[in-house]
2 protein chains.
Amino acid sequence: MENKTPVTLKFLAEKLKMSVSTVSKALNNYPTINEYTKKRVQEMARDLRFTPNKSAINLKERKSRIIGIILPNLLDQYFTRSIAGVEQFAMQFGYNVIISQSHDEFEKEKQLADMLLKSRVDGLIIAISKETQDFNHLYQFEHMGIPVVYYARNPSFNLNCHKVLGNNFQGAYLATQFLIQRKHQKIAYLGGPKMINFTHDRFNGYINALKDNGVSFNTELVAYTDFNKENTIKAIQNLFSHPENLPTALVAFKEPILFDAIKYLKSINHPNFSQIECIGFGNNAFISYLDTPPVASVEENPESVGENAIKLLLQLINKEIELDHYQKIMVDCKLVVH
Amino acid sequence: MENKTPVTLKFLAEKLKMSVSTVSKALNNYPTINEYTKKRVQEMARDLRFTPNKSAINLKERKSRIIGIILPNLLDQYFTRSIAGVEQFAMQFGYNVIISQSHDEFEKEKQLADMLLKSRVDGLIIAISKETQDFNHLYQFEHMGIPVVYYARNPSFNLNCHKVLGNNFQGAYLATQFLIQRKHQKIAYLGGPKMINFTHDRFNGYINALKDNGVSFNTELVAYTDFNKENTIKAIQNLFSHPENLPTALVAFKEPILFDAIKYLKSINHPNFSQIECIGFGNNAFISYLDTPPVASVEENPESVGENAIKLLLQLINKEIELDHYQKIMVDCKLVVH
DNA sequence: TTGTACGCGTTATCAG
DNA sequence: CTGATAACGCGTACAA
């Protein structure tokens with residue numbers, strides 16, 4: 001099946017003994033083209049499987065109808081779920097989506113940003129890597145008039161940018177309040193890496209829920225970990241090391257980490273294990289398979305976060321919102337009781 | 001920050017009072033350009049943040065250095081894991097990757113294929129949707145000389161194409177053999193949707209392991225389900241409905257389904273529950289949190305499947321392998337004991 | 001060593 | 001109703 005000559009407009013035109021412009025117009029259903037001519041052209045195009053070259057169109061139109069997404073990790077369900085929200089809306093408005101993962105590395109993120117810039121995406125949605133402190137690779141986009149929406153992960157506080165974020169404060173507040181209503185007074189908080197700045201918001205939600213409900217706060221009930229299992233165990237050991245302040249409940253910043261914690265407590269046969277009630281962020285589908293599941297989960301609605309991000313981005317692309325009129329959208333969490 | 005004039009080669013040339021071609025050559029480090037000129041051009045390009053327009057280059061070079069990936073679902077860890085293998089290798093050879101999900105719908109898959117075709121990807125890696133029977137949308141690629149590698153999911157038997165598949169036969173064989181070695185004689189097989197054709201391979205692996213080890217086969221020990229929990233429960237009820245043929249072990253085609261099965265058996269307090277040993281395909285990371293985990297998992301090495309797919313695709317792109325010299329690569333599974 | 005001219009595939013303008 | 005022509009941004013033979 002030789003294919004020396006790609007099927008282009010010119011090729012069709014030669015076959016049909018017409019001009020390239022007529023062929024183009026016929027295919028695009030211009031009203032000024034004779035019906036019979038249209039038929040001929042369109043049939044020939046179909047038979048020869050003519051496929052318009054998007055690069056040529058992009059070049060001409062000076063836009064690509066492509067949205068770029070950069071996210072840290074496709075193995076994290078939060079992000080894959082968020083994509084669904086983006087995709088659906090983008091498609092609906094005639095945009096395609098390029099998904100790429102930074103693996104939480106700054107260098108990789110920069111590389112991906114450059115590639116998307118060269119591809120002249122019409123907009124970028126990004127959840128920054130945990131290493132990202134410098135934003136030059138992203139400023140470039142705005143410098144070229146390409147809108148960027150930061151989502152899921154909050155960049156440094158004083159950065160002027162468009163953001164769509166989960167309401168971490170409210171999520172942690174809900175969780176803590178729920179546990180208080182279940183008569184817990186010693187509620188521990190297990191936080192995440194401090195450089196991920198939603199850690200603070202969640203902590204504040206926890207603190208405020210305590211305060212608003214008249215439960216006293218105790219630093220012995222707070223510990224931090226990262227995504228490393230051993231560090232989580234250390235943190236848990238810490239939390240449970242004060243006999244006069246033994247936690248009866250636990251709020252954790254992320255579910256898999258919570259699972260590690262539960263597993264550990266169970267493994268050491270913690271005396272009050274069966275009374276301890278836990279809540280984590282995530283609402284992982286696997287919870288239904290656990291024998292000692294968390295009492296509830298903070299559902300972060302990542303699809304909705306993605307949807308809000310793409311909606312905002314499309315408004316920016318269509319200039320319904322000024323590029324430098326920075327928006328901040330918060331998506332509320334929901335408490336799901338198991 | 002106005003940006004009326006996009007920074008193009010022409011723009012740079014005017015600024016520098018040189019010709020466009022000189023600028024182009026300088027940026028591409030042509031040996032025929034004076035060192036001093038190069039310096040000037042490159043500095044100016046950097047200062048003005050010149051970013052080459054990929055559409056223009058694609059048009060000129062008649063290729064995009066982009067690989068398209070279509071897969072059914074980003075929520076399935078098998079597929080997201082497989083992407084890692086593809087990405088790494090593609091990047092290394094200067095290719096970028098466009099990931100898109102068909103949501104296991106034929107129409108969506110067709111739509112995505114068309115868009116990738118228009119984008120003139122240099123190659124396509126696809127795990128077909130479960131609805132895909134017709135392959136015209138994929139033939140188009142080969143018709144235009146663009147190689148396609150089918151991976152993870154096996155298209156209909158008599159389709160001539162390049163394939164990279166998990167060795168499902170071997171995986172099921174390993175699992176069954178392992179259970180036999182642990183003295184099981186009544187090993188049930190829980191298969192998946194019949195239209196997903198690896199179901200047959202796995203069943204054959206099961207059968208052959210039985211035969212090779214002198215264990216008799218019994219149809220009462222075989223049932224099929226899909227991804228619906230209720231159907232799984234029905235299948236399990238079926239398997240355990242013959243008192244004279246009660247399974248003591250179970251091989252399941254996919255882990256989440258196996259978890260449903262285990263959960264059900266536990267919920268009804270099946271008398272010999274604690275003796276039953278199970279193995280499923282997947283090796284899900286959450287297994288470590290289960291109280292009654294499968295005794296082992298069939299690790300399908302999706303990263304390796306992805307890696308083999310991209311390697312093959314690159315060979316096809318580089319014409320190291322003829323487009324119509326169809327290849328079939330099998331990636332072995334590994335048994336992981338928990 | 002640098003510049004000129006052309007073409008990649010498409011669409012839009014304007015003339016016929 | 002149809003066709004010639006220019007332009008989008010870039011790379012490269014060929015000319016100077």
Side-chain angles (χ1 to χ4, degrees), chain A residues 3-42 44-45 48-66 117-122 144-146, chain B residues 3-42 44-45 48-66 117-122 144-146:
Chain A
N3 209 309
K4 302 175 167 289
T5 43
V7 181
T8 66
L9 286 187
K10 192 206 283 186
F11 185 75
L12 289 181
E14 281 165 10
K15 281 265 181 197
L16 291 160
K17 296 188 200 303
M18 313 192 318
S19 79
V20 179
S21 52
T22 306
V23 175
S24 171
K25 287 172 190 161
L27 289 174
N28 290 316
N29 236 315
Y30 266 54
T32 68
I33 300 289
N34 181 2
E35 278 306 318
Y36 174 64
T37 312
K38 276 189 196 169
K39 282 270 181 292
R40 277 185 62 213
V41 173
Q42 286 167 359
M44 176 71 64
L48 267 50
R49 310 200 207 195
F50 167 73
T51 311
N53 185 322
K54 204 145 181 305
S55 289
I57 297 176
N58 291 167
L59 189 58
K60 186 116 245 293
E61 313 252 314
R62 299 158 140 282
K63 61 180 188 186
S64 61
R65 297 201 81 81
I66 291 179
L117 196 61
K118 285 189 199 139
S119 298
R120 294 289 189 279
V121 293
D122 291 342
M144 291 185 55
I146 301 173
Chain B
N3 208 309
K4 302 175 168 292
T5 42
V7 181
T8 65
L9 286 188
K10 194 205 285 185
F11 184 75
L12 289 181
E14 283 164 9
K15 281 264 180 196
L16 291 160
K17 298 190 201 302
M18 313 191 318
S19 80
V20 179
S21 61
T22 307
V23 175
S24 171
K25 287 173 189 162
L27 289 174
N28 290 315
N29 239 313
Y30 265 54
T32 70
I33 299 290
N34 182 0
E35 278 306 318
Y36 174 64
T37 312
K38 276 187 197 171
K39 282 270 180 294
R40 278 184 62 213
V41 173
Q42 286 166 0
M44 174 73 61
L48 268 50
R49 311 200 205 194
F50 167 73
T51 310
N53 185 320
K54 205 146 180 306
S55 290
I57 298 177
N58 291 167
L59 191 58
K60 180 110 252 278
E61 313 253 310
R62 298 158 143 280
K63 62 180 185 185
S64 62
R65 296 199 82 80
I66 291 179
L117 196 61
K118 285 190 199 138
S119 297
R120 294 290 190 275
V121 293
D122 291 343
M144 290 184 58
I146 301 172

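Below, chain A is the first sequence line, B the second, and so on; all start at residue 1.
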### Task
Output the single nucleotide from dG9(C), dG9(D), dG11(D) whose closest atom is nearest the side chain of A56(A).
dG9(C)
### Task
Side chain of E61(B) only, please: which of dC8(D), dT12(D), dT11(C) is the nearest?
dT12(D)
### Message
Whether the side chain of D122(B) engages the backbone of R65(B) through a donor-acceptor N/O pair (distance < 3.5 Å, no angle test) should be reported.
### Response
yes
Please tell me whether [X] and [Y] have a donor and an acceptor in their side chains that are separated by less than 3.5 angstrom.
| X | Y | result |
| --- | --- | --- |
| S24(B) | S21(B) | no |
| K38(B) | N29(B) | yes |
| K118(A) | N53(B) | no |

Can you tell me if [X] touches the phosphate of [N], counting only side-chain N or O atoms and a distance under 4.0 Å to OP1 or OP2?
| X | N | value |
| --- | --- | --- |
| S19(A) | dG3(D) | yes |
| K10(B) | dC8(D) | yes |
| R62(B) | dG9(C) | yes |
| S21(B) | dG3(C) | no |

## Note on the structure
Sorted by number, residues from residues 25-41 of chain A placing a heavy atom under 4.0 Å from DNA chain C are K25(A), N28(A), Y30(A)
### Query
Base, sugar-phosphate, or nothing for L9(B), non-hydrogen atoms under 4.0 angstrom?
sugar-phosphate
### Task
Would you state whether a donor and an acceptor, one from the side chain of K60(A) and one from the base of dT11(C), lie under 3.5 Å apart?
yes
